[in-house]
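A quick write-up on the structure given underneath.
If you're wondering where the values come from, they're calculated on a predicted model, not measured in any experiment. Computation of the quantities below employed the complete heavy-atom set of this structure, encompassing side-chain atoms and omitting hydrogens, waters and symmetry-equivalent molecules. Below, read A as the first sequence line, B as the second, and so on, with proteins coming before strands; counting in each chain starts at 1.
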There are 2 protein chains.
Amino acid sequence: MTEASKNPPWRDAIEQSIEKNKELKYSKYVQLVPLSRSVFIWWLHHQGSSKRWNKEKATVRPDGRPANRTVVSRGFVDGTDQLQFTADSRSEKMGDVAHQPWGEICWYFEDTWEQFRLLGLVGVIGCDEEDFRKQEARLKAWQAASPKSLRQFVDPPPGRPRAPKEEFEGDPPNQEEGPVETFCLVTLEPKEVDYYSLKEKRRKLYKLGEEGEWSEEEVNP
Amino acid sequence: MTEASKNPPWRDAIEQSIEKNKELKYSKYVQLVPLSRSVFIWWLHHQGSSKRWNKEKATVRPDGRPANRTVVSRGFVDGTDQLQFTADSRSEKMGDVAHQPWGEICWYFEDTWEQFRLLGLVGVIGCDEEDFRKQEARLKAWQAASPKSLRQFVDPPPGRPRAPKEEFEGDPPNQEEGPVETFCLVTLEPKEVDYYSLKEKRRKLYKLGEEGEWSEEEVNP
């Protein structure tokens, strides 16, 4: 590998967009579609008057419908090109994410009119993670979080019938004691990146090849 | 039906959020996940040491992976609770949308820290639409668009290898002559709405019942 190939080509573009849009508090809010399990699908292919069954592998949410949600980008996992987010192990989001499913991030930068769509493999690092480096990334994310934002991890379970107001009050967990059990780190390892500049009317597709090299193609926006 | 049931309960909430966030130019940008075809999926259910095959109906993108994109909300189709967006018939987005698939909109309002997730049926109204009322909605959307934004519908085909710069220049189509062939209206008819207020730590789930009535449940955020 040459020196230049260390950073995938889309990484510089996204770092620039983050830098240019840093004054915007909400440029960190991105949309994530996690899909939950690998399944085989059979579908009836119609061609003229003939029909045949096709088979494909796909990933879907437990109820077979899409799930789109806003998450807060926490940048990249140190030393990798994986995007990172935090999540509560008790949330539906976690039910939607299994081992190595596909997910897609849609990140729109308002100031510069740029959109990145990052398609890749989603991973979850929870309290029972045995990989030391992954557990370290989870600990770093815990330490980097604002103390106030940690309160949600000890709030009553998300999605369950509304608990009394008092149960949402009180101190957040002690940050120095390390992550609480419900605190998870979610990662997305991009395999395809679709970059779109509305202002410049330009669009680029980046794809990771089988041998780990990124290709780049300029297409019509 | 009583007078009160004419507007679904989430509609007032979203109208208020639109009103409160109207100063924000980008509060119109929402994320859409269109999924493309109905398929049956079979999946292996593991329970302890036993396994069994389950069958479900699902909708997926042609390649079986999710597709998340930013679209600009154009409000609601007159006299309905369907959200509307415009799209180019030549774009991938259209390949992702078939007749009556499920789709989900994720709409985040920055000023008020509110998120709406609207899950429902997606429809496309193109130039060959025969339903007069649908064709009328498409015409209204064409007339309501800014002249400059219409230029994209006569630009070189999206997603194809980059055409010369000159082909993206020149006048937009004449708005008075009615919609060009590539101009489509995409609609989403909500069946489930998930409302989340980060500021107030409140969350409500709205679901459309089999008899057309909306139910409302308050859950933990």
Side-chain angles (χ1 to χ4, degrees), chain A residues 24-26 29-35 37-44 56-70 102-108 110 115 117 119 152 155-163 165 167-168 192 194 196 201-205 217-221, chain B residues 24-26 29-35 37-44 56-70 102-108 110 115 117 119 152 155-163 165 167-168 192 194 196 201-205 217-221:
Chain A
L24 275 178
K25 190 173 165 193
Y26 300 105
Y29 287 77
V30 300
Q31 264 71 29
L32 170 70
V33 190
L35 293 183
R37 52 179 148 63
S38 276
V39 292
F40 284 102
I41 58 170
W42 280 261
W43 54 284
L44 204 53
E56 270 176 27
K57 209 174 173 190
T59 43
V60 293
R61 200 165 75 162
D63 64 2
R65 294 184 301 191
N68 199 356
R69 27 175 68 84
T70 304
W102 289 95
E104 192 172 59
I105 292 289
C106 190
W107 199 342
Y108 186 72
E110 302 183 350
Q115 176 185 274
R117 286 169 55 200
L119 178 75
Q152 61 172 293
D155 274 342
R160 304 288 292 278
R162 178 75 191 191
K165 200 164 169 270
E167 295 185 25
F168 290 88
E192 283 182 31
D194 183 339
Y196 192 167
K201 279 201 171 190
R202 292 186 67 164
R203 189 170 162 203
K204 273 190 180 180
L205 304 179
E217 189 194 5
E218 180 138 18
V219 298
N220 292 328
Chain B
L24 275 177
K25 190 173 163 191
Y26 301 105
Y29 287 76
V30 301
Q31 264 72 29
L32 170 70
V33 190
L35 293 181
R37 54 179 145 62
S38 277
V39 293
F40 283 103
I41 58 171
W42 278 260
W43 54 283
L44 204 52
E56 270 176 26
K57 208 172 173 191
T59 43
V60 293
R61 199 164 74 163
D63 64 1
R65 294 184 300 190
N68 199 358
R69 29 175 65 85
T70 304
W102 288 95
E104 193 171 59
I105 291 289
C106 190
W107 198 344
Y108 186 71
E110 302 182 351
Q115 176 185 272
R117 286 168 55 199
L119 179 74
Q152 61 172 292
D155 273 343
R160 304 288 293 278
R162 177 76 191 190
K165 200 163 171 270
E167 295 185 26
F168 291 88
E192 284 182 31
D194 183 339
Y196 193 168
K201 278 200 172 191
R202 291 187 68 166
R203 188 172 163 202
K204 273 190 181 181
L205 304 179
E217 189 193 4
E218 179 138 18
V219 299
N220 292 327

**Report entry** Any B/R162 side-chain heavy atom under 4.5 Å of A/R202 side chain
**Finding:** yes
Query raised in the report: Residues two or more places apart in sequence or in another chain: which of them pass side-chain hydrogen bond (donor to acceptor under 3.5 Å, both in side chains) with A/E217?
Result: none
Query raised in the report: NZ of B/K201 to NZ of A/K165: how many Å apart, nearest 0.5 Å?
Result: 11.0 Å
Requested in this report: Sequence neighbours left out, what passes side chain to side chain contact (heavy atoms under 4.5 Å, CB included) with B/P156? Give chain and number order.
Outcome: A/N220, B/A163, B/E167, B/F168
Query raised in the report: Top residue by heavy-atom pair count (under 4.5 Å) with chain A, among B/V219, B/L205, B/D155?
Result: B/V219
